[in-house]
Every structure is written in C-alpha cells, then in structure tokens.
Amino acid sequence: MGLRDELLKAIWHAFTALDVDQSGKVSKSQLKVLSHSLCTVMKIPHDPVALEEHFKDDDEGPVSTQGYMPYLNRFILDKNANDQSSLELSRSNGCLGPYKASIVCPLHKARHFPGRVSTVFFTVQVQDNFDRMDFNKMCWTLCARKNLNRNHLLIADDDAFKIWCIFNFLSEERYPLVIVTEEIEYFLCKLTEAMGGSWIEEKFEDYRGQLSEGQQCLTAWELIELVGTGHFSKGMDRQTLSMGISEVFQELILDVLKQGYMMKKGHKRKNWTERWFVLQPSSISYYVGEDLTEKKGDIHLDGNCCVEARHTFLLSSCVTVTWIEVSVHSLPDKDGKKCLFFVKCSDKSYEISASDKKKKQEWIQAIQTCISLLKVGRPAPHCEARQKRRELRQKQQAEQEQLELRMRELQTANESKQRELEAMKKKLEDAAASAAEEEQRRLQTQNELEDLYRAEMAKERMVRLQMEEQVAQKSSEVEVYLLRVRELEDMYHRLEEALEDERQARLDEETVRKLQARILEEESAKRLELEQMHLQQQQAITQTRAEKEELEREWLAKESALEAAAQQLERLEAERQGALEQYQEVIKKLEDAANNTKSWKDKVAQHEGLIRLIQPGSKAPQKITNWGPAAFTEAELSLREKDWQERKSRTAHPQ
C-alpha cells in the first residue's frame, strides 16, 4: 500500500463524517474547510477560488469536472506529487467508492445502476514531505466527533486514535473500509503479546462465530469498541492496555522494529552513556530517555553496513528463515563492558554495549535483519507480511470463486443428465406397461381362440422377442451414452490443461518480449553515451588546438621580450663599465685629497657631521662614496641613492 492509498483512507473517514444524512452530497462550505485543512497539513498553497470554479456547473454536468475526487487530485494531491500517472477507472458492487458522490451524483449514477457504483481512482505518486501524524490527527478529529462513542471505553482518545491508524493500515483496499477477521486476529494477537498475555485462539473462534456469516469484518469504530471495552484484555489494567496499543502502533505505523536501553560510547569524549535506542528499517535513533523528547543522533543503515560480533545466530523474516553467520573479529571485554558489538557504517563506527548476552543477540539479529532487507530492497517485515496475507486471501477468494463456478457447471450438467435418464426410464416403463397389457389381452383371448390363433400366438412370441431385444439395445445405448459423457469430461480436463499451457506460453513470450525491449533500450542508451563521448573528444581536440595556438603566441611574445631584455642588459653592462671607470678615478682623487686636506675634513665633520674618522671596525665590505669610505651616514646615503635612481629613471624614459 503506497502513501497515496494511506492518505485516501484517512480522507475517506473525514469525508464520510461530513456526509451527515448519507446522501452522497456535502455542502461546499464544509468541503472548503476540509480542503483548506488538507492543504495546511500537507504544506501546499490553497486556492479557495478553484473550488468554486470546479463546482460551478449543475448536477448534470460532465463527469470529468464533477465530484470532489477530481478536485482533490488536481488541486491538492497532484500539487504534492512527483509525477503524473494514468487514470484508472474501476467498479465495485454494493458499496460506494472512496468518495460516494461528493457534491453531485454523476460520478456513480446510482439511480440508473442500482447496486453498482462507479469509482474514479487517480494513481499518482505523492511526496512524503509533511508530518503524516498531523494529517491523520486532522482527519481523526473530523470523524471521531461523529462516530466515536466514548461510553464504556477503557482507553483514552489517544489510544483510540492509534487503533484508528492501525485499522487504516490493516484494512482492505476497498470502500467502505473494513478489516477482515484474519487481520483482526493478527492485531489482537500482537496486542495480547505486547501486554505480556497469552493468545487464546478458542476465544477468538467463539467471537468469530458470533459474527454474522455475511459480515465477518468490522469497521474502524467497531474495532475501537472491541478493544476499548476490554473483551480480549480481561484481567489487564488500563495502563497495560495503553502500553500494548502504543507498542503495536509503534511497530505497525511508526516502523519501530525494536527499542530499549543500551550503553553507547561517545565519539569525542569516549565515555559510556545510557541511551534509549529505537530501531527502524533504515536507521537507529538514540535518545536521552524512552519519552523520546531529546534526540541525540541517528545511525543511518544501508546495504554496506555490518555488525561485528562473535556468534552465529538465526535470522528470521515473516515467511523465510535463513542462517546468516556474522563472523568478524572477536570482541574482548573492554572498559568493563562484556556484551559489546560494533555497528559499522560507511562514515563511522558505533560501539554499543547491551545489558546481557540475550539482549545483545536480539539487537544484533534485528539490526542484521534490517541490513539484509535493505540489501535486497524489501520493505519492513510487518508490511511484507501484510501484503502476503492480502495476496493469500485474494488467491483463496479466486480459487473459491473458480471452484463455485465449476461446481455450478457440474451441477447443471448432472441435472441435464438426470432429466435425460428419467425420460429414457419413463419410455421403458411405458413400453413395459404396454407389453403387459398386450400380454393380458392375449391371455384373455387365448382360451377362446386357442385353435384359431395358434399362428398368431407364434407371431406374438416373435414380437415379444423383438421388444426384449429393443429393450436390451436401449440399455446398451444408455451405457454407451454414459461412457461418452465420461470421455467428454476427460476431454474437458485435458482442454483446460492445454489452455493453461497456452496461457503460460503467452506469459513467457511476453517476458521475452519485455527483455528484448529492455536490451534495445540499453543499446540505445550505450549508443547515445558513445556519441556524447565522441562529441566531448572533438570539443577537447578543438580546445587543445586553441590552447596550443595561445601558447605559441605567448612563446613568441616571450621571445621578443627576452631579446629586448638582452639588449637592455648589454646597455646596462656598458653603463656599469663606464660607472666603474669613473668610480676608480674618483677613488684615486679622493685618496690624494684625503692626504692634503685632513684639517678641512675635520672642520666639515665638526660642523656638518658628514665624515667620521676611519677606525678599526668590522671586516664586512665598507660603503664607498665620493667622499671616501664610510663618508656618509646611512640616512644620507639612502637619500642620495633614491635621488640617483630617480634621475636614472627620468633619463631612461625618453629613450
């Protein structure tokens, strides 16, 4: 059952609650409120004008624009859908469809076809981007106000709501919604086990016998009354009953496969903390407490996850039982924890400790079952079990209908044969009676005409022999006819087997045809992929050529720049040689001047601070100026260098 079917079941309850007089019509004002509530809960924009425009025609308008179901699909469900699918029109006998007529009657035309109702279904995949519990509670609020009888109930409204959700999950996919006795027994058995009691099948068989032969099913409100009055929970207090309902609700509706306290080691602080773990088909959530108020994190499961343990254990699904050995490294005791196991995911590993070995094995078995189901893409065990039970009921119903049809055919053939045999028997009795009468007349006249009719007596004997032969011939014909009938029955059975073989051959042929079509599609996809790769190669070649041309242009530019730099280097080398010669001449002049003008240098040094006496100092190379070695301070020398660079740059620009 998909998400759309679940939503339709809840909406059906809300719609039927608005149909107070059960006339198949609901006022527009009530439908506006219902539509606005649905849009609010499903988080989609609501268009109040669309409802007026959709129902602006009269009751005899066209079917395609009439009725609430097309409006619901077009303006509400289709806005929250992934893709559009085909429209499926089905007919059911004796009951209204998901929405009986909704505003107008042309959807089913019940007055023209008594006992037969047309129902329109739109199969579109709906996105699950809203809170389904809020959606169910909104529909529950509308229908419970009218249908729920709280007198003599031992359960609260919240428990009744959970039973209502379980009913929608287990009910048949036909309308009006009912739950069959097999599903009632399944639910009551799980509820009894959740309360810690033992299931008494004889008690349920007695209850099944109390149901009428044609009913054998319950509505949602009858199921709530059955559980709420404590018919199958005698000896249990209200709290136990409420806890059992919550546990079944978590398993069937919230997909909680297992939950309980365990110790978890932190990833950062490396300390052990007790957490409440909740296992679902694709994740493990852990909370601070079992009230689920503060969530600490999730462990997302996929087919690549694994569980490390030291044991071999039995994994069981709803139907099949398989031995799976989870043999990895043996885990020694660590930090005083004896029942350790690892849950390894693709991103990180989680170290968990159970309270005892039994709980450890139960958790490992449950987690490995989820991983195995994720690998093969199967749904949760309870969903798969429900689907198998439903398919089994449909198969049994089809076999029962086929058997009844066969029995009617055989009964009709038997009655026809009985009539033929009775007609033949009557003919034989008439013939025997006429022969007896003839014999009596012959005996009466024999005494009177014995001498006269001796020849006639002989003739009469011959007639009698002929009649006996005819009777024997008729009996043999009856036996031949019965033999022919048996041969025809055998021929009919062989014909049925041949038709079944032909049907199977057609199915095999259709499978081969689909396989060939899929292979052709894969070949087309491969061909398209190769063409795209060829196009990408052509684009890469073109890009490579363009890059090569760009590199050649850059190389030519760099060559020209290199030639210019070489010329500039030669010019600078010539300038350096000239400057060096000038420097040597200046050094020589300075040496001569230093020897002759020592007193003048002292005067300049005292007044201006430009010269200091040469003293023994560091062995590093000394700075040389026009005034001699170390004739200037650092600041003055930097100013002169800066001025010389500016003059040089000004002379270089005109060139």
Side-chain angles (χ1 to χ4, degrees), residues 1 5-24 26 34 69 92-102 108 110 115 117 119 121 135-191 204-233 241 245 248-249 252-253 386 389-390 393-394 397:
M1 181 175 65
D5 296 329
E6 294 181 7
L7 299 181
L8 288 179
K9 286 184 177 182
I11 297 174
W12 178 84
H13 284 289
F15 184 87
T16 53
L18 297 177
D19 185 13
V20 180
D21 54 356
Q22 297 182 356
S23 62
V26 177
L34 176 60
M69 189 64 183
S92 58
N93 294 327
C95 64
L96 293 176
Y99 302 98
K100 294 184 283 187
S102 179
H108 55 82
V117 180
T119 306
F121 293 94
F135 182 88
N136 288 332
K137 285 182 181 178
M138 186 274 294
C139 297
W140 160 260
T141 303
L142 292 176
C143 62
R145 189 180 306 168
K146 172 187 174 184
N147 299 295
L148 183 62
N149 184 11
R150 296 174 174 82
N151 297 330
H152 310 293
L153 289 182
L154 303 177
I155 58 177
D157 287 352
D158 186 57
D159 295 331
F161 165 71
K162 293 176 181 179
I163 297 175
W164 181 78
C165 293
I166 295 172
F167 169 85
N168 291 337
F169 177 76
L170 297 177
S171 61
E172 299 298 299
E173 294 183 359
R174 62 174 183 267
Y175 296 87
L177 293 176
V178 293
I179 180 172
V180 297
T181 53
E182 291 83 359
E183 299 296 336
I184 298 173
E185 182 179 6
Y186 171 77
F187 168 57
L188 294 177
C189 181
K190 292 196 73 67
L191 179 60
F204 182 78
E205 291 297 332
D206 295 339
Y207 174 75
R208 190 202 298 264
Q210 295 175 6
L211 297 175
S212 61
E213 182 67 25
Q215 186 181 2
Q216 292 296 313
C217 57
L218 296 178
T219 62
W221 316 111
E222 292 172 346
L223 180 63
I224 294 174
E225 183 178 1
L226 175 65
V227 178
T229 54
H231 184 74
F232 286 92
S233 59
L241 179 59
I245 294 173
V248 177
F249 174 80
L252 298 184
I253 306 303
R386 178 196 61 181
R389 292 195 305 271
R390 186 168 295 170
R393 285 197 301 272
Q394 293 175 355
Q397 184 178 1

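For clarity, every value in this text was computed on a predicted model and none was experimentally measured. Throughout, residue positions are numbered sequentially from 1 according to the sequence presented. FYI, side chains are in, hydrogens and waters are out, and symmetry mates aren't considered; it's all heavy atoms of this structure.
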**Student:** Tell me every residue that passes side chain to side chain donor-acceptor pair (under 3.5 Å) with N147, counting only those two or more places apart in sequence or in another chain.
**Tutor:**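 Partners of N147 by the side chain to side chain donor-acceptor pair (under 3.5 Å) criterion come out as none, since no residue qualifies.
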**Student:** What pairs with R389 under side chain to side chain donor-acceptor pair (under 3.5 Å), at least two apart in sequence or on another chain?
**Tutor:**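 With sequence neighbours excluded, R389 shows a side chain to side chain donor-acceptor pair (under 3.5 Å) to E183, given in chain and number order.
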**Student:** For K190, what residues pass the side chain to side chain donor-acceptor pair (under 3.5 Å) criterion, not counting sequence neighbours?
**Tutor:**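 Per chain and number, K190 pairs via side chain to side chain donor-acceptor pair (under 3.5 Å) with E251.
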**Student:** Measuring from I184:CD1 to L170:CG, what's the distance to the nearest 0.5 Å?
**Tutor:**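 With rounding to 0.5 Å, CD1 (I184) is 9.5 Å from CG (L170).
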**Student:** For R145 and T141: C-alpha separation, side-chain torsions, deciding distance, then whether side-chain contact (heavy atoms from CB on, under 4.5 Å) applies.
**Tutor:** CA-CA 6 Å; R145 189 180 306 168; T141 303; 3.7 Å; yes
**Student:** Any salt bridge (charged side-chain N to carboxylate O under 4.0 Å, His left out) involving residues 152-169? Give me the pairs, sequence neighbours left out, ordered by first then second residue.
**Tutor:**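 Matches after skipping sequence neighbours: R150-D157, D158-K162.
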**Student:** Report the residues that fulfil ring pair (Phe, Tyr, Trp, His ring centres under 6.0 Å) with Y186, sequence neighbours left out, ordered by chain and then residue number.
**Tutor:**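 Counting only residues at least two positions away or on another chain, Y186 forms no ring pair (Phe, Tyr, Trp, His ring centres under 6.0 Å).
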**Student:** Using the six-membered ring wherever Trp is involved, compare the ring planes of W221 and H13 and label them parallel, tilted or perpendicular (cut-offs 30° and 60°).
**Tutor:**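 Ring orientation, 0 to 90° scale: perpendicular.
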**Student:** Just jot down the side chain to side chain contact (heavy atoms under 4.5 Å, CB included) partners of L18, sequence neighbours excluded, or say none.
**Tutor:**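 By the side chain to side chain contact (heavy atoms under 4.5 Å, CB included) rule, L18 matches V26, Q30, L34.
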**Student:** Might you point out which heavy atoms bring L7 and F135 nearest each other, and give the distance in Å?
**Tutor:**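 Taking L7 first and F135 second, the nearest heavy atoms are CD2-CE2, 3.4 Å.
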**Student:** Verify side-chain contact (heavy atoms from CB on, under 4.5 Å) between F161 and N136, making sure each step is shown before the conclusion.
**Tutor:** CA-CA 9 Å; F161 165 71; N136 288 332; 3.9 Å; yes
**Student:** Can you list the residues that meet the side chain to side chain contact (heavy atoms under 4.5 Å, CB included) rule with A160, with sequence neighbours excluded?
**Tutor:**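 Testing A160 for side chain to side chain contact (heavy atoms under 4.5 Å, CB included), a comparison that skips the adjacent residues, returns W140, L148, I155, I224.
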**Student:** Can you sort out the partners of T181 under side chain to side chain donor-acceptor pair (under 3.5 Å), two or more places apart, ordered by chain and number?
**Tutor:**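 R208.
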**Student:** To the nearest 0.5 angstrom, please state how far the OG1 atom of T16 sits from the CD1 atom of I11.
**Tutor:**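 It comes to 11.5 Å.
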**Student:** Minimum heavy-atom separation for L177 to E172, with atom names?
**Tutor:**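 Closest heavy-atom pair between L177 and E172: CD2-O, 3.6 Å.
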**Student:** How close do T229 and L153 get, counting heavy atoms only, and between which atoms?
**Tutor:**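 Heavy-atom minimum between the residues: N-CD2, 4.3 Å.
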**Student:** Kindly give the heavy-atom pair with the smallest separation between L142 and A14, and that separation in Å.
**Tutor:**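 For L142 versus A14, the nearest heavy atoms are CD1-CB, 3.8 Å.
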**Student:** Output the distance between atom OG (S171) and atom CD (E6), rounded to the nearest 0.5 Å.
**Tutor:**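 That separation rounds to 10.0 Å.
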